[in-house]
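Next up is a structure, given as C-alpha cells.
The structure presented is a predicted model; accordingly, all values stated were derived computationally and were not measured.
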Number of protein chains: 2
Amino acid sequence: MKSLKYSRQRECIKTFLMGRKDHPTADTVYMHVRQEYPNISLGTVYRNLTLLSDIGEISRLNVGDGVDRFDADTSPHQHIVCTCCGCVQDIYLPDAEKILNYAGNFYGGIITTQTINFRGTCSDCLKISNNN
Amino acid sequence: MKSLKYSRQRECIKTFLMGRKDHPTADTVYMHVRQEYPNISLGTVYRNLTLLSDIGEISRLNVGDGVDRFDADTSPHQHIVCTCCGCVQDIYLPDAEKILNYAGNFYGGIITTQTINFRGTCSDCLKISNNN
DNA sequence: CTTGAAAATAATAACTATTACTGTTTTTAT
DNA sequence: ATAAAAACAGTAATAGTTATTATTTTCAAG
C-alpha cells in the first residue's frame, strides 16, 4: 500500500491540464510546466501523468496518431481528430452508453467500456478552405 | 507515379494476413513469414504492411495497446480488446454509420470516419473464470 | 521543532515500435 | 538480353515512453 505524498510538480501538471481542452501530449505538458519548474524532467511529467491516470484523476487517450494525450475531463465523452490541422476536440454524444449496450447483442463475451474516435475537419479548417 | 512491382515477400505477407482473424502485429507477421522467407527483414515487413494499407488492401489498426495491428478485412467493422487475455476480436455492428451521422448533430465541423473500440472479457476468458 | 522513513525528484540510460538509409538483388517492360 | 525502377536485407536512426539511481522533499511520530 503505497501512500501518496504531495508534490508541487504534480499539482502544477494537474492544474495545467485542467485549464486545457485540447488534450495535450506529455511533451506539451513538459514544455509548459517547465516555465514554472525549469528543472522538471520529462520523466517526472510522464510519471505523474501515469500516476494521475492510474488513480482516475485524469484520463490518458490515444487517438491513433502515435502519441498519448491527456485529458483532465474524465467524464464519458468522445473525440474527433481533424485530419487537416491535427487538433483533437471533444464530442459529447448523448446516450452514448446505448451504443455499448447495442454492441453487446453482437458479441459473445462481456463489453465493459467503449472508445469512439471520429475523424474529419474541424470548423476552423472548414472556414479557411471556404475562404479560397 | 510509382508503379507497383510484384514481390513474393509481399504476396506471402498478404496471404498470411488473409488467413488470420486475430489482427496480428508486424512482429507476429514477421515471425510467420520468416518460416517461408528466413532472410526477410522486419523492415521489409513494415514497408509492405504500410504499402498494402496505403493502397487499401489491408487496414492498420490501433486498439490503444501501443502496437499497430493489421487486418486483411477492410470492410467497416469494430474491435473489442479482451482485458483478460489481450486478444482483439471483430464486432460487426449493423447500422454503425448511423452513429457517425448522429455525432454530426453535436459537432460544428464535418465528420468523415469513425473508429469504435470496445474493451471487455472475451467468451473464452469468461469460461475459464466460471470454472473456478 | 527535529527526525527519519517513504515518496518524489532530476538526470540519464534503456527499451520498444517504427521508419530511414544504403548497397545489392529482383522484377518487368522494351 | 538489358536496363531502369522497385524491392530487398541489413543496419542505423528516430520517437515515445519507461526504468534506474543517487539526491531531495514530504510528513507523521516522537
Side-chain angles (χ1 to χ4, degrees), chain A residues 1-17 22-55 57-71 81 86 88 117, chain B residues 1-17 22-55 57-71 81 86 88 117:
Chain A
M1 55 213 61
K2 177 163 172 169
S3 74
L4 202 64
K5 281 187 178 162
Y6 174 84
S7 105
R8 312 161 225 206
Q9 289 90 337
R10 186 188 308 135
E11 173 100 33
C12 182
I13 289 167
K14 177 91 189 285
T15 304
F16 170 71
L17 266 186
D22 63 344
H23 319 88
T25 64
D27 204 62
T28 304
V29 174
Y30 175 54
M31 299 300 243
H32 282 82
V33 170
R34 205 155 48 150
Q35 291 172 10
E36 192 165 345
Y37 295 96
N39 291 332
I40 198 171
S41 77
L42 186 54
T44 296
V45 172
Y46 268 107
R47 183 167 27 75
N48 279 300
L49 287 171
T50 300
L51 190 157
L52 288 168
S53 68
D54 283 350
I55 63 178
E57 291 195 16
I58 64 172
S59 61
R60 179 187 288 239
L61 45 118
N62 184 297
V63 295
D65 60 353
V67 258
D68 287 357
R69 295 174 177 275
F70 300 88
D71 191 347
V81 183
V88 179
N117 288 314
Chain B
M1 58 214 58
K2 175 164 175 172
S3 75
L4 202 64
K5 281 187 179 164
Y6 174 83
S7 106
R8 312 162 225 201
Q9 290 91 336
R10 186 189 306 135
E11 173 101 32
C12 182
I13 289 168
K14 178 90 188 285
T15 303
F16 170 72
L17 266 187
D22 63 344
H23 319 88
T25 63
D27 205 62
T28 303
V29 174
Y30 175 54
M31 300 298 243
H32 282 83
V33 170
R34 204 156 48 151
Q35 292 171 9
E36 193 166 345
Y37 294 97
N39 291 333
I40 198 171
S41 77
L42 186 55
T44 297
V45 172
Y46 268 108
R47 182 164 28 73
N48 279 300
L49 288 170
T50 300
L51 190 157
L52 287 168
S53 68
D54 283 351
I55 64 179
E57 291 195 15
I58 65 173
S59 61
R60 179 185 288 236
L61 44 120
N62 186 295
V63 294
D65 60 354
V67 258
D68 287 358
R69 295 173 178 275
F70 299 88
D71 192 347
V81 183
V88 179
N117 288 315

Whole-Å distance, Leu61(B) CG to dT18(C) P, equals 12 Å

Determine the contact category for Asp68(B): base if any of its heavy atoms lies under 4.0 Å from a base atom, sugar-phosphate if only primed atoms, P, OP1 or OP2 are that close, otherwise nothing. sugar-phosphate

So Leu4(A) and Leu51(A), do their side chains get closer than 4.5 Å, heavy atoms only? yes

Using a cut-off of less than 4.0 Å, is there contact between a side-chain N or O of Tyr46(B) and OP1 or OP2 of dT18(C)? yes

Report which part of the nucleic acid Thr25(B) touches: base, sugar-phosphate, or nothing (heavy-atom distance under 4.0 Å, all strands).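 Nothing, no heavy atom under 4.0 Å.
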
Provide, to the nearest angstrom, the distance between the CG atom belonging to Leu51(B) and the C1' atom belonging to dT18(C). 16 Å

Would you say the side chain of Phe70(B) lies within less than 4.5 Å of the side chain of Leu61(B), judging by non-hydrogen atoms? no

Kindly give the heavy-atom pair with the smallest separation between Asn62(A) and Asn117(A), and that separation in Å.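 Minimum heavy-atom separation between Asn62(A) and Asn117(A): O-ND2, 3.5 Å.
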
Point-to-point distance, once rounded to the nearest 0.5 Å, from CE of Met31(B) to CG of Leu42(B): 10.0 Å

Which is the 5'-most and which the 3'-most nucleotide of DNA chain D that has an atom under 4.0 Å from a heavy atom of chain B? dA4(D) to dG10(D)

Please report the shortest heavy-atom distance between Ile13(B) and Thr44(B), naming the atom on each side.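 Looks like CD1-O, 4.4 Å.
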
If you take all heavy atoms of Val29(B) and Pro24(B), which pair is closest and at what distance?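 Heavy atoms of Val29(B) and Pro24(B) come nearest at CG2-CB, 4.2 Å.
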
Testing the 3.5 Å rule here: is there a donor-acceptor pair between the side chains of Arg47(A) and Thr50(A)? no

Donor-acceptor check, side chain of Arg69(A) to backbone of His23(A), threshold 3.5 angstrom: yes or no?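 Side chain of Arg69(A) to backbone of His23(A): a pair is present.
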
Between Asp65(A) (CG) and dA17(C) (C1'), how many Å, whole number? 15 Å

Tell me what Leu42(A) touches on the nucleic acid: a base, only sugar-phosphate, or nothing, going by heavy atoms under 4.0 Å.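 Since a base atom lies under 4.0 Å of Leu42(A), the category is base.
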
One character per nucleotide, please: for nucleotides 20-30 of chain C, 5' to 3', B when the base has a protein heavy atom closer than 4.0 Å, S when only the sugar-phosphate does, - otherwise. ------SBS--

Quick one: label Asn48(B) by what it contacts on the DNA or RNA (base, sugar-phosphate, nothing), any heavy atom closer than 4.0 Å.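 Counting heavy atoms under 4.0 Å across all strands, the contact made by Asn48(B) is with sugar-phosphate only.
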
Arg34(A) atom CZ is separated from dA10(C) atom P, nearest whole Å, by 12 Å

How long is the line joining CD1 of Ile13(A) and C1' of dA10(C), in whole Å?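 Taking atom C1' of dA10(C) as the reference, CD1 of Ile13(A) is at 13 Å.
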
Atom OH of Tyr46(B) and atom OG of Ser41(B): how far apart are they, to the nearest 0.5 Å?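 OG of Ser41(B) is found 11.5 Å from OH of Tyr46(B).
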
